[in-house]
Amino acid sequence: MGFHGVVGFVGLDDLSLDLASSLIRSGYKVQAFETYEPLINEFLKLGGIRCGSPKEAGKDVAALIVLISQEDQVSDVTFGLHKDTVVMFRSTILPSYTQNLETYFTDDSETAYLVDVYATKGVSDGLNGKIMIASSGSSDAILKARPVLSAMCEKLYVFEGDVGAGRKIRMVKELLEGIHLVASLEAISLGTKAGIHPWIIYDIISNAAGNSWVFKNHIPQLLRGAAKDDFNTLVQKLRIILDLAKSLTFPLPLLAVAHQQLLLGSSHYNTDDEDAALIKVWEKKLGVRISDAANAETYIPEQLASHIVAKSYTINRVGFIGLGAMGFGMATHLLNSNFSVLGYDVYKPTLTRFASAGGLIGSSPAEVCKDVDVLVIMVTNEAQAESALYGDFGAISALPSGASIILSSTVSPGFVSRLDQRLQNEGKNLKLVDAPVSGGVVRASMGTLTIMASGSDEALKSTGSVLSALSEKLYVIKGGCGAGSGVKMVNQLLAGVHIASGAEAMAFGARLGLNTRILFDFITNSEGSSWMFENRVPHMLDNDYTPHSALDIFVKDLGIVSHECSVRKVPLHISTVAHQLFLSGSAAGWGRQDDAGVVKVYETLTGVKVEGKLPVLKKDFILKSLPGEWPVDPIGEIQKLNLESSKTLVVLDDDPTGTQTVHDIEVLTEWTVESLKEQFRKNPKCFFILTNSRSLSSDKATALIKDICRNLHAATKSIENADYTVVLRGDSTLRGHFPEEADAAVSVLGEMDAWIICPFFLQGGRYTIGDIHYVADSDQLIPAADTGFAKDAAFGYKSSNLREWVEEKTAGRIPASSVTSVSIQLLRKGGPDAVCERLCSLQKGSTCIVNAASDRDMAVFAAGMIKAELRGKRFLCRTAASFVSARIGIIPKAPIFPKDLGINKERNGGLIVVGSYVPKTTKQVEELKLQCNQILRSIEVSVAKVAMSSTEEREEEISRAAELADIFLTARKDTLIMTSRELITGKTPSESLEINFKVSSALVEIVRRISTKPRYILAKGGITSSDLATKALEAKCAKIVGQALAGVPLWQLGPESRHLGVPYIVFPGNVGDNSALAELVKSWARPVRLSSTKELLLNAEKGGYAVGAFNVYNLEGVEAVVAAAEEEQSPAILQIHPGALKQGGIPLVACCISAAEQASVPITVHFDHGTSKQDLVEALELGFDSVMVDGSHLSFTENVSYTKFVAFFAHSKGVLVEAELGRLSGTEDDLTVEDYEARLTDVKQAQEFIDETGIDALAVCIGNVHGKYPESGPNLRLDLLKDLYALSSKKGVLLVLHGASGLPKELIKECIEHGVRKFNVNTEVRKAYMDSLSNSKKDLVHIMASAKEAMKAVIAEKMHLFGSAGKA
């Protein structure tokens, strides 16, 4: 890697060595000043350079990294740095002092750039042991520092603004660590006092919702007696935070209690005592013998559960009381597991819903207990459990003898113990299993809960099959009834404290001015993280308190903890304060909201807002601030790797817009086994299957994907060496059936090593940076969830962070914390090999986000993925269009225009059909109508009529639109058919999809009824374009020709389709800026003129033929020229002489121009023999394509001056200028030039004339005449013509010959061979017209028709003679 510059260090520590090592690997030279020899020796081993002083370390560096721990050390590093140096402070001093350093250094050292740096090692699965850096400073400083910062770390968090953010983040992390440590000690103490083995508590909680990094990593050391944390340092750190909070008038009740607890511990801590482990200190303080309990014999709860389940009894009927959110999921899962379930709930609509799911229902607890083997109780609290069992019509009275009760409610261990005793006293041999659950609503419905069960062996055997059916993890806890609730109580203690501490930390971070979303991301990778922090803080950031678990549940659960600690005489300060916070939230009226709403207590007290709306970013700034792209283009490597893998990429496209980055690839709209076999026999690198599943309901989309995957499997079985990778191409703005389609594919294709989520799409302005998906709008990057796309009635979403989006879309089945990602840093620093290693290291069944900000990023990932596949890995990709082209190594080609397809001459209008409702489309349609008003005709289809009204009104609207479209298209007008812009949605996503279907089917029917063949068809919107292609145009396959515009695919429909040969443009609803649609329609509109006069003559020069310029005087003459040209497929020029203009005036000119515009062959309009400046200027204003400046009656000097004046003005309008040098004799339109006035063109004068005037065409005099030639015949100087052609060819000037009437065919051909490219024809055509008038006709129209036919015959003959026939 190349040399990037010098970085200096003043002061080193162990982490500095890692930073220096990263810089060296990235191509930087590093030098350092440090007095501690062991550190500097390690630095030298890395390849660093030792400096004798701080000043030397800062000499000629791009960045200087300064490590200080005391404020007075700043004076030690005041040396003369050059003013472009970036100073990076890795300090532990307070943020307030750090902020003063910027002024200090700018004034004293002329250093313009200062950033602070907090560097640490990540502890999450994705960043374990890798360096992450939080840095802050001005935007200019960050921009300058970013290359060095990025080179030093795996993950960079940037806070623009004042310096000091790094230290603030560290304080928030330490706040959480302190609270989590004390909470962990309290949890172990309470569990031990409740008689539960400490290691059992640890094993269960470290895999449950109560887990935190501190609990998982510190508790084992504590239980082994190995934890000897420096109490005094920890207490000092927390004291600094509390002092800062006090200065800000910000309450930190949980931290204050944690600090007091640790302060008390430090007072008992004797560092001279070798046995003074942390556990001993805690035991003295709380009076709980944790170490003795930890050293007692242990057991494995999962093994006990396996033995119980293996010996469990057969269950026939199950009663179920409590069909709330959790209970309903549990009960319906038992139904799906073939249990007969009788359900009861006090809420009657839930009973109806349960009956609809296949359950039996009862009107009371007693009624659902008759003849059951097992009764499950899943109610909210102890009072409800008591009522269900012993209240009016209670269960106990109806339960048969020997029945078993599973109590899954979260209640106190004491309540369970007392209940067990009461049941034994009933005399009915009723058995109780204490089985609280954890996992949430989704896991309840899937039977993947965690259950902590306790009770007698007999009770557990009696219920084992039910417990097993409901759980993914089943633990059997020794200690009898109450032990299971004891473990759940400990879990809830930690979970509640972690939610409350997360609220305290985030609110404090907001008060410190930190970006809360970046803060959250940092903490999740640090020692301050917990399961609840990662799960609940996103709710706070989104300000979304839709209850997943109500706040009042923790009022109850922590109330149980408070009660039990009182009964058992174990003081639990942190837990009690957390309980009070939840109580405060409930008292404020937030009890039924999500438990994350406890943050509102802090927000209400302090006025801060934790809500972390993702910021809108400056696109150019962000893209420039990223590390440089991987230096090698991987496309060649991808093409080579694809040859090795021999796998076909099969893209299941949920609408046709996914083809927007590829070319020369086939698309199937059917997927029979035979059609798929035919594709695989071609051994293609890729093909698309158009599913259009985005227009379907979830169930139909799932069934469709399964059907396609089964057919793919069947097709490849009979084709030798056929193998494939499936890509689910979805919307780059995150809409569509996810995860349903992925689940469907996996159910047929088998489990994948990973799901790849990659919505990057450069042409559409979709970027994924830092796992956040952005939509570009002008010069801004807007988080996707803040755009109109996220408001989609069927596929809306709230999360821009793709990790959270996955969790949201899977309803929690795949938590955000389990989603991994490939960062831009890894792509740009590590390249394809690093990507391969990353993918190969993923756990089977992972979900992986791909970050990307350029096509090069996408290609790097694709190359790495192919390498991983060659190692045997299997992936299922949910991606946007850019991934597909990168994965198959497509090299982009330029956009395709109508002239490339040869459709310029087609007469009919183009058809534009708009069905998309995204805001961008609406803006684009408005701009289209504004810019293309003159060439466009609009037909608006009422959505209300086709989707919400009667069948008759729908039919009338469809017929009206189709009839109008036919009229407009035939009239050669581009025609816009658009749905009315008011968005009508249903009450549910499925109702909205049904409305979409009705609208789409109406558009299909309209297009089906249009009989006129359009010049092209443009479909706007994914569903619209799919339905039109498959249903209206009946295409079964298509070839992707390329793109009509970046991100806008152009298809060639198969031979079976209607309107064969018509280009089909698929314009996505979310692509392009506001003017993109208008620009594309303008570029595809039929040209006003198919050619200019200059293009006509240049083509003639290339083809070695000439073009006829025919004088016209009236409508019949104009029609005769156009008709002959179209029949003979010849270009032609309509020529108007001043005499004709005088008589015909503007109407004659307008007639010619209109005829030229409507012709199917190139026709232009020429003004001939302009002898005055006024006539010529007026002609230019009237719209002629070319003019002849006739100064032949003037002297040479005057002719030059006259021609030059007109040429300058004409060229400013893009008009060709023809001039005459020499003078023709004869008569034309009453203008006569006598023989003695005629003169031939002089070659030398011609050269001067061309150079001086800048003309485009020269009418030469070589013996030709206007009108009739003498009886002796023409006498043309061909030798002179040859010389003039030699001159004109060098000058790029075209030759014109007037007086072509009466020239013999052989002479005409010789003139063409000698360079004549335009012949003026008048006399013979005019004679044909005059002769036709002598024939008697019945009516004027017959006279007109006869005259037209007579002239047309002469004109057609001339076209053949000139060689222009067939050249259009």
Side-chain angles (χ1 to χ4, degrees), residues 176-229 231 234 254 257-258 261-262 264-265 268-269 276-299 301 413 438 452 475 477-479 482-498 501 527 530-532 557-558 560-562 564-579:
L176 286 164
E177 287 182 272
I179 295 171
H180 291 173
L181 177 60
V182 176
S184 299
L185 293 166
E186 288 190 359
I188 289 294
S189 299
L190 179 61
T192 302
K193 197 72 172 179
I196 305 163
H197 199 294
W199 283 108
I200 300 299
I201 295 172
Y202 174 77
D203 289 341
I204 294 175
I205 300 299
S206 61
N207 291 292
N211 191 32
S212 69
W213 186 89
V214 168
F215 181 88
K216 190 163 189 173
N217 289 274
H218 282 270
I219 290 301
Q221 297 180 51
L222 181 142
L223 295 180
R224 296 187 186 103
K228 294 187 178 182
D229 288 2
F231 262 130
L234 186 57
L254 291 171
V257 172
Q261 291 284 76
L262 293 169
L264 177 61
H268 290 78
Y269 192 62
L278 182 58
I279 192 169
K280 297 294 184 182
V281 176
W282 206 255
E283 286 178 340
K284 289 178 184 177
K285 194 166 78 70
L286 295 183
V288 181
R289 305 293 298 176
I290 300 173
S291 56
D292 291 346
N295 291 326
E297 185 179 353
T298 188
Y299 59 95
S438 178
M452 295 144 279
Y475 300 101
I477 312 299
K478 290 182 178 180
S485 286
V487 175
K488 178 66 185 290
M489 174 182 66
V490 173
N491 181 72
Q492 294 305 92
L493 179 161
L494 287 165
V497 170
H498 293 162
S501 63
E527 297 90 340
S530 67
W531 193 94
M532 279 298 187
D557 291 356
L558 289 180
I560 291 171
V561 172
S562 296
E564 289 294 314
C565 77
S566 177
V567 169
R568 300 178 189 277
K569 296 182 172 52
V570 181
L572 304 178
H573 301 80
I574 283 275
S575 313
T576 305
V577 171
H579 183 222

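Residues passing the side-chain hydrogen bond (donor to acceptor under 3.5 Å, both in side chains) test with Thr192, sequence neighbours excluded: none. Listed by chain and residue number, Gln492 satisfy the side-chain hydrogen bond (donor to acceptor under 3.5 Å, both in side chains) test with Asp557 (two or more places apart in sequence, or in another chain). In this structure Asp292 satisfies the side-chain hydrogen bond (donor to acceptor under 3.5 Å, both in side chains) test together with Arg289, sequence neighbours excluded. Every residue was checked against the ring-ring contact (aromatic ring centres under 6.0 Å, His included) condition with Tyr475, not counting sequence neighbours, and none meets it. With sequence neighbours left out, His579 forms a ring-ring contact (aromatic ring centres under 6.0 Å, His included) with no residue at all. For Ser575, the side-chain hydrogen bond (donor to acceptor under 3.5 Å, both in side chains) criterion is met by Glu186, not counting sequence neighbours. Partners of Val577 under the side-chain contact (heavy atoms from CB on, under 4.5 Å) rule, at least two apart in sequence or in another chain, are Pro253, Leu254, Val257.
Looking at Ile179 and Ile574, their side chains come closer than 4.5 Å, going by heavy atoms from C-beta outward. The shortest side-chain heavy-atom distance between Val561 and Thr576 does not fall under the 4.5 Å cut-off. Looking only at side-chain heavy atoms (C-beta outward), Ile477 and Ile204 come within less than 4.5 Å of each other.
The minimum heavy-atom distance linking Lys193 with Val570 is given by the pair CG-CG2, 3.5 Å. Contact between Leu493 and Ala187 at its shortest, heavy atoms only, is CD2-CB, 4.0 Å. Closest heavy-atom contact between Ala294 and Pro198: N-CG, 3.7 Å. When all heavy atoms are compared, the tightest approach of Pro413 to Gly482 is CB-O, 3.5 Å. Closest heavy-atom contact between Asn491 and Ala208: OD1-CB, 3.5 Å.
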One pair to check against side-chain contact (heavy atoms from CB on, under 4.5 Å): Ser438 and Met452. What are the steps and the verdict? CA-CA 9 Å; Ser438 178; Met452 295 144 279; 4.2 Å; yes

Quick one, Leu223 with Ile188, criterion side-chain contact (heavy atoms from CB on, under 4.5 Å). Give me CA distance, side-chain angles, the key distance, then yes/no. CA-CA 9 Å; Leu223 295 180; Ile188 289 294; 4.2 Å; yes

Evaluate the side-chain contact (heavy atoms from CB on, under 4.5 Å) criterion for residues Ile290 and Ser189: first the C-alpha distance (whole Å), next the side-chain angles of each, then the deciding distance (0.1 Å), finally the verdict. CA-CA 7 Å; Ile290 300 173; Ser189 299; 3.6 Å; yes

Could you go through Lys478 and Tyr299, starting from their C-alpha distance and side-chain angles, then the distance that decides it, and tell me whether this counts as side-chain contact (heavy atoms from CB on, under 4.5 Å)? CA-CA 9 Å; Lys478 290 182 178 180; Tyr299 59 95; 3.6 Å; yes

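Residue pairs meeting the salt bridge (Lys or Arg N to Asp or Glu O under 4.0 Å) criterion with at least one partner in residues 214-223, sequence neighbours excluded, are absent. Within the structure, side chain to side chain donor-acceptor pair (under 3.5 Å) pairs that include any residue of residues 195-209 do not occur (at least two apart or interchain). Applying the salt bridge (Lys or Arg N to Asp or Glu O under 4.0 Å) rule to pairs touching residues 564-576 yields Glu564-Arg568, sequence neighbours excluded.
How far CG of Leu222 is from OG of Ser291: 9.0 Å, rounded to the nearest 0.5 Å. In this structure, CD on Glu527 lies 11.0 Å from CG on Leu176, to the nearest 0.5 angstrom. Taken from NZ in Lys488 to CD1 in Ile560, the straight-line distance is 8.5 Å, to the nearest 0.5 Å. Remark: Ile200 CD1 to Ile205 CD1 distance equals 11.5 Å, nearest 0.5 Å. Summarising the geometry, atom CE belonging to Met489 is positioned 9.0 Å from atom SG belonging to Cys565; distances are rounded to the nearest 0.5 Å.
Remark: side-chain polar atoms of Asn217 are paired, donor with acceptor, to backbone N or O of Trp213 under 3.5 angstrom. A donor-acceptor pair is defined here as one N or O able to donate and one able to accept, closer than 3.5 Å; no such pair exists between the side chain of His218 and the backbone of Val214. Between the side chain of Asn211 and the main chain of Trp531, no donor-acceptor pair closer than 3.5 Å is present. A donor-acceptor pair under 3.5 Å links the side-chain atoms of Ser501 to the main chain of Val497, judged by distance alone.
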